[in-house]
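A quick write-up on the structure given underneath.
For the numbers below, each heavy atom of this structure counts, side chains included, while hydrogens, waters and symmetry mates do not. Protein chains get the first letters and strands the later ones, always in sequence-line order, with residue 1 at the start of each. It should be emphasised that the depicted structure is a prediction, and the values quoted were computed from it without experimental measurement.
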There are 2 protein chains.
Amino acid sequence: MDKIRKPANSSAEPRQGAQAIRRALAVLRILAAGREDGVPLAEVVQATGLTRPTVHRIVHVLIEEGIVERHGKSGRYAIGNQVPELALARPRPSPLLVAARPSLRRASADIGDTLFLTVRTGNDTLCVDRRIGAYPIQVLSIEVGARRPLGVSSAGVAILAAMAAQDARRIVAANEKRLDAYRTGVATVLAQVAAARRRGYNLREIGLVQGTKSISIWIKTPDGRPAAAMTVSAVRTRLGPRREQEVVDILQREARIIEQNIRDGVA
Amino acid sequence: MDKIRKPANSSAEPRQGAQAIRRALAVLRILAAGREDGVPLAEVVQATGLTRPTVHRIVHVLIEEGIVERHGKSGRYAIGNQVPELALARPRPSPLLVAARPSLRRASADIGDTLFLTVRTGNDTLCVDRRIGAYPIQVLSIEVGARRPLGVSSAGVAILAAMAAQDARRIVAANEKRLDAYRTGVATVLAQVAAARRRGYNLREIGLVQGTKSISIWIKTPDGRPAAAMTVSAVRTRLGPRREQEVVDILQREARIIEQNIRDGVA
DNA sequence: GGTTCTTGTCCATATTATGGACAAGATACG
DNA sequence: CGTATCTTGTCCATAATATGGACAAGAACC
């Protein structure tokens with residue numbers, strides 16, 4: 001009699017026996033979003049959906065291990081020294097960054113406004129590169145290292161727009177608890193995603209900073225899933241309809257080149 | 001009736017309720033020592049002292065979470081992309097690095113041989129900076145990011161020599177299982193530590209690479225505990241007794257300056 | 001086509017992590 | 001200066017989780 005076997009863990013069904021580790025990582029990712037300033041315990045509780053004793057325990061164990069630090073005055077929790085230390089084990093920049101570098105240089109020179117490269121990491125977006133353009137007014141709101149729930153930033157909406165609608169919905173739903181903090185919600189995000197999907201790129205008329213406008217173009221890996229987005233942010237007056245189209249053309253051209261580089265294994 | 005309270009967790013008694021998380025971190029640190037190439041499962045088992053099913057489970061959960069990667073061909077496990085991503089949350093270089101930078105520049109210029117800055121992290125040493133000197137023959141064996149059990153590298157011995165003998169013994173004992181891989185052992189290491197303590201710095205006549213010689217000077221934090229070491233490595237012929245003393249003088253001068261910078265909070 | 005590696009999986013079990021409830025500081029307010 | 005309202009910290013009985021012994025399946029080597 002044949003035994004019925006599970007299909008050899010085909011990367012979808014979650015492996016069990018490590019709840020605590022997964023939770024610790026969820027906590028870490030929330031702390032990462034707080035950058036240097038860190039995050040108060042209550043906010044970690046809210047964002048992860050875990051109970052307070054659990055978060056407290058996890059965070060304090062991570063402190064003992066040097067993975068998390070606590071800011072003296074504020075009592076906020078932040079990513080600790082050991083994390084960059086562990087990161088040193090990977091000396092080389094990510095393949096994506098290598099593939100994108102020449103394009104970023106070119107596009108930044110051609111456009112002259114601030115250019116961001118934002119990757120998807122789990123349910124977050126993470127800004128991994130920023131190029132300042134030649135034009136004297138630059139939008140510098142987002143810094144390298146900035147991490148947000150997918151759906152909050154212009155780049156995040158673009159990335160969601162480039163995946164199957166169902167996947168996008170699942171991710172946004174998973175981020176629901178975290179969206180409040182950014183004054184948005186599941187419905188708003190999904191509407192933006194739908195609009196971006198129709199348009200072929202994402203346009204944000206009202207940036208996080210008043211009077212700015214952003215254009216985001218997605219970048220897909222060979223398997224067809226979006227891995228990143230390039231975003232141009234500028235004061236609104238710099239991005240009239242005509243120039244908008246110019247910028248979109250440049251970004252789309254470069255996005256295709258980056259995708260080609262990834263396929264060719266330029267890394 | 002007064003309740004007897006534990007002394008408010010004075011940083012020594014280990015907090016419990018997170019065995020799995022601690023184990024996962026132990027695994028990560030071993031993987032970090034493997035750098036890009038990674039580490040086979042069996043070696044992680046050996047180094048951590050955990051059972052194989054446990055390590056297997058931990059490692060695979062970390063893969064699902066993107067914290068660990070697996071190298072296609074070799075099947076070795078290595079630190080994954082998400083770790084540097086998390087590290088981006090700490091944009092600023094460590095205070096120690098800031099405090100040490102000018103001294104490294106000066107010492108490298110004065111000495112002309114390869115200069116390393118190595119920090120202690122847990123029970124490991126981690127090379128965080130390397131300066132190539134002007135002399136045409138340079139010892140480049142150790143790279144930035146290299147991680148070893150405390151006691152294996154010249155810098156590690158120096159750091160152990162600068163702490164209370166008892167603490168040093170405890171750390172070396174904790175690393176016992178990992179020392180085999182480097183062809184050394186508890187007794188050898190402790191002998192080297194004792195010699196370095198007497199001398200005031202560490203001297204290694206036979207470097208990991210044949211025909212090289214290393215000098216390591218420790219750097220202490222204001223609380224008196226060693227946090228790092230500066231090491232000069234050169235071909236043996238470059239470091240006769242006279243020049244050895246010169247190099248030691250320079251390194252010791254700069255070590256004191258770095259310690260002063262740390263005290264003054266130059267960061 | 002065995003022999004010896006290393007890696008992967010299963011599952012009963014004991015150990016561990018969990019979270020409700022309570023406590024203690026901090027900060028604001030009348 | 002008391003008390004109300006936060007946020008953070010701790011305890012401990014209990015359920016649920018992680019554990020590891022035993023077995024299985026690939027690789028690699030001869």
Side-chain angles (χ1 to χ4, degrees), chain A residues 1-11 13-27 30-31 34 37-65 68-78 181, chain B residues 1-11 13-27 30-31 34 37-65 68-78 181:
Chain A
M1 212 207 262
D2 281 26
K3 280 187 194 166
I4 295 168
R5 289 216 165 276
K6 285 188 205 163
N9 208 320
S10 51
S11 77
E13 56 264 44
R15 196 173 287 261
Q16 63 165 19
Q19 188 192 64
I21 295 172
R22 279 188 213 278
R23 288 177 165 187
L25 291 174
V27 167
I30 298 300
L31 294 185
D37 295 342
V39 179
L41 189 69
E43 201 175 315
V44 182
V45 170
Q46 141 75 18
T48 56
L50 301 172
T51 62
R52 217 165 37 65
T54 299
V55 172
H56 182 266
R57 186 160 20 84
I58 288 173
V59 153
H60 280 264
V61 168
L62 292 175
I63 287 173
E64 282 180 18
E65 295 284 335
V68 166
E69 284 175 8
R70 186 148 199 207
H71 287 209
K73 178 70 186 172
S74 67
R76 285 161 163 250
Y77 300 93
Chain B
M1 213 207 264
D2 281 26
K3 278 186 195 167
I4 295 166
R5 290 217 162 276
K6 285 188 206 162
N9 207 318
S10 50
S11 76
E13 58 263 44
R15 196 173 288 259
Q16 63 164 19
Q19 187 192 64
I21 295 172
R22 279 188 215 278
R23 288 177 166 189
L25 291 173
V27 167
I30 298 301
L31 294 185
D37 294 342
V39 179
L41 190 68
E43 202 175 315
V44 182
V45 171
Q46 141 75 17
T48 57
L50 301 172
T51 63
R52 216 164 38 63
T54 298
V55 172
H56 182 265
R57 186 162 19 83
I58 288 172
V59 153
H60 280 263
V61 168
L62 292 175
I63 287 173
E64 282 181 18
E65 295 284 335
V68 165
E69 282 173 11
R70 186 152 198 205
H71 287 207
K73 179 68 186 174
S74 66
R76 285 160 162 252
Y77 300 93

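Between C/dG19 and A/T54, a contact under 4.0 Å exists linking OP1 or OP2 to a side-chain N or O. Contact between the side-chain N/O atoms of B/H56 and the OP1/OP2 oxygens of C/dT7 is not found at any separation under 4.0 Å. Note on A/R57: a side-chain N or O is less than 4.0 Å away from OP1 or OP2 of C/dT18.
Computed from coordinates, the A/L41 CG to D/dT8 P distance equals 5 Å when rounded to whole Å. A/L50 has its CG atom 13 Å from the P atom of D/dT17, to the nearest Å. Protein atom CZ of B/R70 is 14 Å distant from nucleotide atom P of C/dT6, rounded to whole Å. Atom CD of B/Q46 is separated from atom P of C/dC5 by 16 Å (rounded to the nearest Å). One atom, CD of B/E43, and another, C1' of C/dC5, lie 15 Å apart when rounded to the nearest Å.
With D/dT10, C/dG8, D/dG9 as the candidates, the nucleotide lying closest to the side chain of B/Y77 is C/dG8. Here D/dG20 is the nucleotide among C/dG8, C/dT6, D/dG20 with the atom lying nearest to any side-chain atom of B/R23. Proximity note for B/Q19 (side chain, C-beta onward) versus C/dG20, C/dA17, C/dT7: the nearest is C/dA17.
Considering all non-hydrogen atoms of both residues, B/H71 and B/A78 come closest at NE2-CB, 3.6 Å. Annotation for B/A18 and A/V61: closest pair CB-CG2, 3.4 Å, computed over non-hydrogen atoms. Residue B/L62 comes nearest to B/A24 through the heavy atom pair CD1-O, 4.3 Å, listed as atom of the first residue, atom of the second, then distance.
Contact annotation for B/R76: no contact, since no heavy-atom pair falls under 4.0 Å across all strands.
Checking B/A20 against A/V39, the closest nucleotide of DNA chain D that is more toward the 5' end is the one next to A/V39. DNA chain D is contacted by both A/H60 and A/I21; A/H60 maps to the nucleotide lying nearer its 5′ end (nearest heavy atom per residue).
Here the side chains of A/R23 and A/T48 are not in contact, with every heavy-atom distance at 4.5 Å or above.
Contact annotation: side chain of A/R52 to base of D/dG9, donor-acceptor pair present below 3.5 Å.
Among B/I63, B/I30, B/V39, the single residue meeting the side-chain contact (heavy atoms from CB on, under 4.5 Å) criterion with B/Y77 is B/I63.
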